[in-house]
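Written out below as structure tokens is the structure these notes cover.
Each ligand, and each atom within it, is numbered from 1 in the order the structure gives. These values consider heavy atoms only, across backbone and side chains, with no hydrogens, waters or symmetry-generated copies.
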Amino acid sequence: MASTNSKSPETKPSGSAFTGKMGYVMAAAASAVGLGNIWRFPYLCAKYGGGIFLVVYLILVFTFGYALLMSETAIGRMTGKSPIGAFKQFSNTKASAFGGWMNAIVPFIICPYYAVIGGWVVKYLVGYCTGETQAMAVDGYFGGYISSNLQPELFFIIFVLLTLVVILGGVQNGVEKVSRIMMPVLIILAVVVSIYSCTRPGAIDGIKYMFIPNIHNFSMMTIVSAMGQMFYSLSLAMGIMITYGSYVDKNQDLEDSTTKIEFFDTLVAVLAGLMIIPAVFAFSGGDPDTLNAGPSLMFVTIPKVLVSMGFGTPAGIVFFLLVFLAALTSAISLTETCVGTLTDELGWGRAKSTLIFGTYAILLGSLASLGYGALGNLKIIGMQVLDFLDFISNSVMMPISALAICILVTRCIGLKTMADEFERNSKFKRKPIYNFSMKYLAPVALIIILISSVLSAFGIISI
Ligand code: PHE
């Protein structure tokens, strides 16, 4: 998104880079809605408890997620800066500089492996275009594919290059416009596919699993994964919304925009869950191995749904095209943020930053991509490279970044100043929730999560 680049004044006319009232909402939604909703949410929900995961997730999104999204946007709007500069402006301590950097570094970890999944999506899109509809629905197809080294690596590089071409070509706005039109189409198709999934024989058990909380399915991992997912899905705790906030008009009602983004993002996630989880029960009888499939779940389940639909090939082309676009707009916003950090902090030119970042993303992403094949033995604290990058960013670094934001807000900026910012041009309706989340809920939850996820990763406790 051109509008996220803090270095290009031409994209930031005085006032706001976002055109019209919906500009910021649409741009933030384009960043938020992506693989996190369609690919990551369903597999986490399936793996970490179904209904109980959903409840914890929703509570987090509408309390802490809301508070963090409000805070980040407001910090950006107050300072007009990206995270490192914004943190500096409010406090000149080393701790605060660390907080700013932590926010800025997270997208550097996420972007490379995000593109690996983006590559899987491109492969499936091509597969539907070339009529491999039946083959892709066969058990074991996906596992065989990701361990085949060359193709996944090629498609991953294609996804990175596409992202870079869009950015270097300065056509983000074009892509964003296309995706604005596609978003509603994505919702409609998701509704159609989820109705189809939910009406298959046996699917009802999946709907129950997804919506009826069962306390026996609860574990500490339910909270850890739900919180990580909340950050990931709303693009929080990684500086992105601070950067976006710096372009938001002073007259905009932040609470209203935040509510829209949260609602839209959650809607897409729940719809994706409804496409995939009931289908696991309808097509695999709720097999625990499939429920625990993790990153492969969408790629294993959706092809089965499509093939049984009768018009699977055209539906598959449309579905994966839409997922591809959602992934591309998110990858653009991740890459833009990283490139922005390099240009701002190291003084590199835009083209140089983009090329160096692209090379880095291909190198790190290749380790993740080949981690399912040639580098299968490369394990970091017992995890495959992709899982490790996902874990370290979502369960370790993002809680630290979020904690840094909470401390900045409560200690350095002050809740009163924040309230003044929110009340500029609207009522601050959820003020009690905001204050409670920032003061108590967030710090306590973050510290518990951070400690427990690190201890469990090293096998000291099992959660
Ligand atoms: N929120 C995006 C998604 O759900 C992922 C993303 C994370 C995008 C961080 C930008 C920044 O897919």
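Salt bridge annotation for R350-E336: present, with a cationic side-chain nitrogen under 4.0 angstrom from a carboxylate oxygen. The pair D390-R40 meets the salt-bridge criterion, with a side-chain N (NZ, NE, NH1 or NH2) lying under 4.0 Å from an Asp/Glu carboxylate O. K123 has no carboxylate O lying under 4.0 Å from a charged side-chain N of E153, or vice versa, which leaves the two without a salt bridge.
With a heavy-atom cut-off of 4.0 Å, M238 touches ligand 1 through its side chain alone. By the criterion of a heavy-atom distance under 4.0 Å, the backbone of A32, and not its side chain, is placed next to ligand 1.
Proximity to S333 (heavy-atom distance under 4.0 Å) selects the following atoms of ligand 1: 10 (C). The distance from ligand 1 to the heavy atoms of S233 drops below 4.0 Å at these ligand atoms: 1 (N), 4 (O). Taking every non-hydrogen atom of G36 and a distance limit under 4.0 Å, the qualifying atoms of ligand 1 come out as 3 (C), 4 (O), 12 (O). Close approach to L35 involves these atoms of ligand 1, each under 4.0 Å from a residue heavy atom: 12 (O). Residue I240 approaches ligand 1 through these ligand atoms, each under 4.0 Å from one of its heavy atoms: 9 (C), 10 (C), 11 (C). Taking every non-hydrogen atom of N37 and a distance limit under 4.0 Å, the qualifying atoms of ligand 1 come out as 4 (O).
Between the side chains of Y434 and E255, not a single donor N or O lies within less than 3.5 Å of an accepting N or O.
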Carefully, step by step, assess Y124 and F324 under the rule ring-ring contact (aromatic ring centres under 6.0 Å, His included).
-> CA-CA 10 Å; Y124 272 61; F324 166 70; over 10 Å; no
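The residue among Y114, F41, F231 with a heavy atom at the shortest distance from atom 12 (O) of ligand 1 is Y114.
Between the side chain of S31 and the backbone N or O of A27, no donor-acceptor pair lies under 3.5 Å.
Under the ring-ring contact (aromatic ring centres under 6.0 Å, His included) test applied with Y372, the options F142, F299, W120 reduce to a single match, W120.
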